[in-house]
Every structure is written in C-alpha cells, then in structure tokens.
Amino acid sequence: MSLLRKYRAELNFLSFQEEYLNYELLKEDYPDIPTCQIAIAELKGLLELPKGTTYYFSDIHGQGDKFKHIVHNKSGVIRRKIDEIFPEMEVSEKVELLKICFYPEAALNHFKKTFNNEKKYYAFAEKNILLIAKLIQHTGSKSTRRSFREKVNIGKYKSIIQEFASASNMDKIDEKNQPYQKTIIQSFYDSSLEIELAAEMVRVLKQLLVYKYVINGDIPDRGKDTAEIIDALEKYYNNYKNVEINWGNHDLLWMGAAAGSYELICEFIRIQLRYCLEGILEDDYDIDLKPLAEFAEKTYLKNPCSGFDVKNFSKYSSGKYSELALVKMQKAIAVILWKIESFRSEELNVEPYLKNLKFKDKIYYCKNNKEYVLNDQDFPTINPSAPELFSNEERTLMKYFYIRIKKSSRFQHQMRFMANIGSLYHYEDNILSYHAIVPLNSDGSLKDLNILGEFYKGKELFDVLSSLYKGAFTTEKPPQKILDLF
C-alpha cells in the first residue's frame, strides 16, 4: 500500500469515528420518526427565508485594525439597514447611530463627554438604544426564532434584548411612548450600565447581519496582529459556527512550520524578521530569538548584510533588537534555509539557490548563462566546495527552533484550529472561492499533479491535499513526505 493510500486510510478511519459519534449524538435529539419529520418540516421552511449575508475576506496579512474595522462596520450593511428602516432620519442622526453601531463603548463615552449634561446625554443614549432595538427587531424578523435566540443567548443581557426586540411587546404597550422599554433603560442608566447594554445589543445586531465569514486565504504575515485575528476568528467560530477558512500560501506556510517542516520553520521566522515582527515570535508565541541573535552577531560582526534589509522597523519592532541586529538575524536564518533546500532539493523538487552561486575572486549568482556579482560577499558559514553543509551552530539552531515551535502552545493551538476548520476551497450557494490558483494545462484544461505517486486534478486534487494537510495535525510527527507537501 502506498504512503498516500495508507495515510488516507488512517484519516478515513478517524472520519468514520467522528461520523459515528455524530450519529450517536443525533439519535439523542431525533429518537423517532415523528421527531425527524418535525425537523424536516422546519428545515424546509428555512429554505423560504431570505439568504443571510456572507462576507468574503482575502489577504488580511496580520492587519488587525483594518480587519476589525471591516468586521465592525459590516462593509456598509449597517448603513444600508439604517437607511432602509429610518428613511426620514436626519443625516447627522444617522452618523451618530452609525458610530454607536460601529464602536459602541468608544462612541457613547465620547458623546457623554461632549454633552457634559446628564439629561441631554441620557436622552441621547435612550433614543439610540431604542433605535438599535428596532434594528435588531427588523433584522431578526428575517431569521427563525431559534436562530435569533442562539445569537442572543450567549450574553448576560439575553432576556432584556429579547424583550426589546420582541414584536409581541408592541401589542401590550404604548408603541409611541414605549414606557416599558424606557423604564428598563432608566434602570440600566441608574446603575451606569447603559453603555454595556448598548454594546451587547450591537453585538447581537451584528451577528444577525452576518450569516458567515469566509476567509479566502492569507491571514498571517506582514502585519503585527495575526495571533489576535486568529483568536477572534476562533471565538466567532466557537460562538456562532459562522467562519470558513480557505488556506492561502501564507496560511499553509505557518501550518507547515507548526507541523514540523524545517524549511518552513526557517521561512516562518525569516518573514517575521523581514517585517520587524519579532514580537509575534517572542511575545505572542514564546519563541525566544536570543540564540539566533547571538549567532548572527558573532557570525556577521562587521558586515552590514546588504540585501537583507528589513521593513517597518519604526512601525512594528518591539525595540528589543536594533535594526542591524534584525538584518543579521534575517540573513543567518536565510542561509540556513538555503542549505536545507540544497540538501533536500531532490525531495522538494526545487532548484536550490546555492547551486547557482559561483565562488571565484568574488561570489557570483549565475542565471541564463549570465553572472551577477552579489551585493553581499560575506558568507563565512558557506563552504564553496560543499555549500549545503551545516555548521554545528546552525544545526543546533535548527533543532532549537523545531523544539520551541512544537512547544509553543498558542501557536500549535491556532494552527490546529486553522487546519481543523480550513480547506483549500469553499463552495456554497453556487459560489466557489479559493485562494490564488487552480493548476491548468496550456489549453485551459485541469492539470494532473503527482501527489505521493498518484495523479489528481481539479476538485479531487484540492480534496486530497486538504485531507493530507488536516491529517498532519492528527499525529505528533507527520511523515516527511506529508510535510513536504506544505
């Protein structure tokens, strides 16, 4: 049996176990035919409701502020809902309501200081809380009661919000004056909880506006907030089951590093250093860079390391290392990566960078029968006659980072989450989304790729690779050929 067939057989067995467990759980909820018939009737009714809004994100690249702003403003849907429900409202009032719906705590605290008058502020807060209640009521009317309750019930103000948004309350109170709701708001205000109430109501509103988030690749790298973004996505998924992730090349790079690929461990570290994101490694994931810093300083003591410049030093750097130190560290880990690629070039099916170097009076890079002098001529750890050989210190660094990454609980947890809920594509409502490319022949037909000795193309190719990437996180040490697929 080939490695691929054996590995997939193990994954299929795990999948069977999971399906059997799901079957046992379903039996508890649907023990007999009448119960199933009721559930089927409910599901058929759901198909007649308006389709929820799906948000597609792509190339977040660790930009937490931009990601959070898009999530908060729901890409303009909140503005459209306000225009739809309150067509006669003054523009200035709409802007105030939008600010509260985007960032409730910050906005209400700002308005509280601006008014500097208790009565005016209270009237303002009461009016906008009642407006948010109407937004919730209108938006919630397009979903089932059960779906509405699921989104409300994770908050401590669930009963209050249900009362605010229940249409039945309009039958038993004066709708124009709303004494019922206003009395509740007054009680919250007297306890200094009106901002907290508004924030929780906004949370419910935003969840009602979103059916699903589809992250279409490349969550990490270049920005400083990757760990925070993945935590937020996991929270959404755990609370609402409304997140789908299509892996991009940067996601698979991080996942491959977490799974144990030495090449991708080096590239993962190099990219963070390139963008002065050493804080991600040390602060977010507890991967201490001190051994690399000491090795790089000693190895490239008087060298400016031309060509290994870093980006965004003043913007992102933690300040623990100088800019030159980060440059040297990036160069040191890049050289280690080149050596690994040279040593394993046949298995990886790549043309190693070091193979194209010629060591004469100077070091040249050769391509298409032309020679180019390297800007940086200082490579003391490279043996011209056997450039792929590692020094003892480089070998020690490789093992050190492998162990630190494997022991980084937050990094491992986040990459396991990415693997568990992710895939190479997402298909829903006749919409196919994926990151970047599908392999094609020159005539536009789907191209067969050799995956561990067997050929696949199109959907089958994506399915096989997805299962193998997921499978790398079901064992402590995946086979090297599986790691190489990353």
Side-chain angles (χ1 to χ4, degrees), residues 59-66 217-230 248-258 261-297 299-300 303-342 350 352-354 357 365 374-379 381-382 394 397-398 400-402 404-405 408 411 414-415 436 486:
D59 299 88
I60 298 170
H61 283 304
Q63 303 291 332
D65 290 343
K66 294 177 182 178
D218 285 359
I219 297 171
D221 287 332
R222 301 179 192 164
K224 63 180 177 59
D225 304 312
T226 297
E228 182 184 349
I229 291 167
I230 298 175
N249 48 307
H250 288 265
D251 308 301
L252 288 170
L253 190 160
W254 280 43
M255 289 163 57
S261 164
Y262 277 103
E263 295 86 353
L264 296 184
I265 287 172
C266 291
E267 182 69 349
F268 165 61
I269 294 169
R270 187 195 70 78
I271 290 178
Q272 308 321 304
L273 295 172
R274 167 80 165 157
Y275 290 92
C276 296
L277 298 171
E278 71 279 3
I280 285 180
L281 298 170
E282 295 196 319
D283 301 331
D284 292 341
Y285 296 130
D286 194 30
I287 301 169
D288 187 6
L289 294 172
K290 186 178 178 182
L292 176 62
E294 292 175 345
F295 168 76
E297 180 60 31
T299 304
Y300 306 109
N303 187 272
C305 301
S306 305
F308 294 89
D309 296 339
V310 296
K311 298 183 178 184
N312 301 320
F313 178 76
S314 60
K315 184 177 181 181
Y316 289 146
S317 177
S318 64
K320 184 175 179 180
Y321 305 98
S322 69
E323 187 170 358
L324 181 57
L326 292 175
V327 168
K328 292 179 180 180
M329 291 158 71
Q330 186 197 175
K331 178 178 179 178
I333 202 71
V335 171
I336 294 174
L337 174 60
W338 294 343
K339 289 186 176 184
I340 298 174
E341 289 178 342
S342 293
V350 297
Y353 178 75
L354 293 180
L357 295 187
Y365 178 74
L374 294 189
N375 291 332
D376 191 330
Q377 292 285 312
D378 184 36
F379 293 94
T381 69
I382 296 179
E394 288 172 327
L397 275 173
M398 286 165 52
Y400 166 78
F401 281 122
Y402 178 90
R404 289 306 293 251
I405 280 178
S408 172
F411 186 59
Q414 290 191 341
M415 293 305 103
F486 282 94

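No donor-acceptor distance shorter than 3.5 angstrom exists from the side chain of Glu278 to the backbone of Gln272, with no hydrogens or angles considered. Formation of a donor-acceptor pair under 3.5 Å by the Thr299 side chain with backbone atoms of Phe295 is found in this model. Side chain of Arg274 to backbone of Gln330: no donor-acceptor contact under 3.5 angstrom is found. Between the side chain of Ser342 and the backbone N or O of Trp338 there is at least one donor-acceptor pair closer than 3.5 Å.
How far CD1 of Ile271 is from CG of Leu277: 10.0 Å, rounded to the nearest 0.5 Å. Here the NZ atom belonging to Lys66 is positioned 11.5 Å from the CG atom belonging to Asp59, to the nearest 0.5 angstrom. The line from CG of Leu273 to CG of Leu281 is 6.5 Å long, rounded to the nearest 0.5 Å. Distance check, rounded to the nearest 0.5 Å: NZ of Lys320 to CG of Asp283 gives 8.0 Å. Rounding to the nearest 0.5 angstrom, the gap separating the CG atom in Leu292 from the CE atom in Met329 is 4.5 Å. Atom CD1 in Ile269 sits 8.5 Å away from atom CD1 in Ile336 (nearest 0.5 Å).
Between Tyr365 and Leu357, the closest side-chain pair of non-hydrogen atoms falls below 4.5 Å. Residues Gln414 and Tyr285 form a side-chain contact, since some pair of their non-hydrogen atoms from C-beta on lies under 4.5 Å apart. At least one side-chain heavy atom of Arg404 sits less than 4.5 Å from a side-chain heavy atom of Asp288. Taking 4.5 Å as the limit, some side-chain heavy atom of Glu394 sits within range of a side-chain heavy atom of Val335.
Checked by atom type, the side-chain pair Glu282/Ser318 shows no donor-acceptor distance below 3.5 Å.
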task = List the steps, then state whether side-chain hydrogen bond (donor to acceptor under 3.5 Å, both in side chains) holds for Asp221 with His61.
result = CA-CA 5 Å; Asp221 287 332; His61 283 304; 5.8 Å; no
request  = Any chance you could lay out the side-chain contact (heavy atoms from CB on, under 4.5 Å) test for Asp218 and Ile60, step after step, and finish with the verdict?
outcome  = CA-CA 6 Å; Asp218 285 359; Ile60 298 170; over 6 Å; no
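The ring pair (Phe, Tyr, Trp, His ring centres under 6.0 Å) analysis of residues 262-283, with sequence neighbours excluded, yields the pairs Trp254-Phe268, Tyr262-Tyr402, Phe268-Phe411.
The salt bridge (Lys or Arg N to Asp or Glu O under 4.0 Å) check on Glu323 picks up nothing, with sequence neighbours excluded.
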In a table with atom names and distances, give each donor-acceptor pair under 3.5 Å that connects a side chain of residues 306-314 to protein atoms at least two apart or in another chain.
none

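Ion pairing between Lys331 and Asp376 holds under the 4.0 Å rule for side-chain N and carboxylate O.
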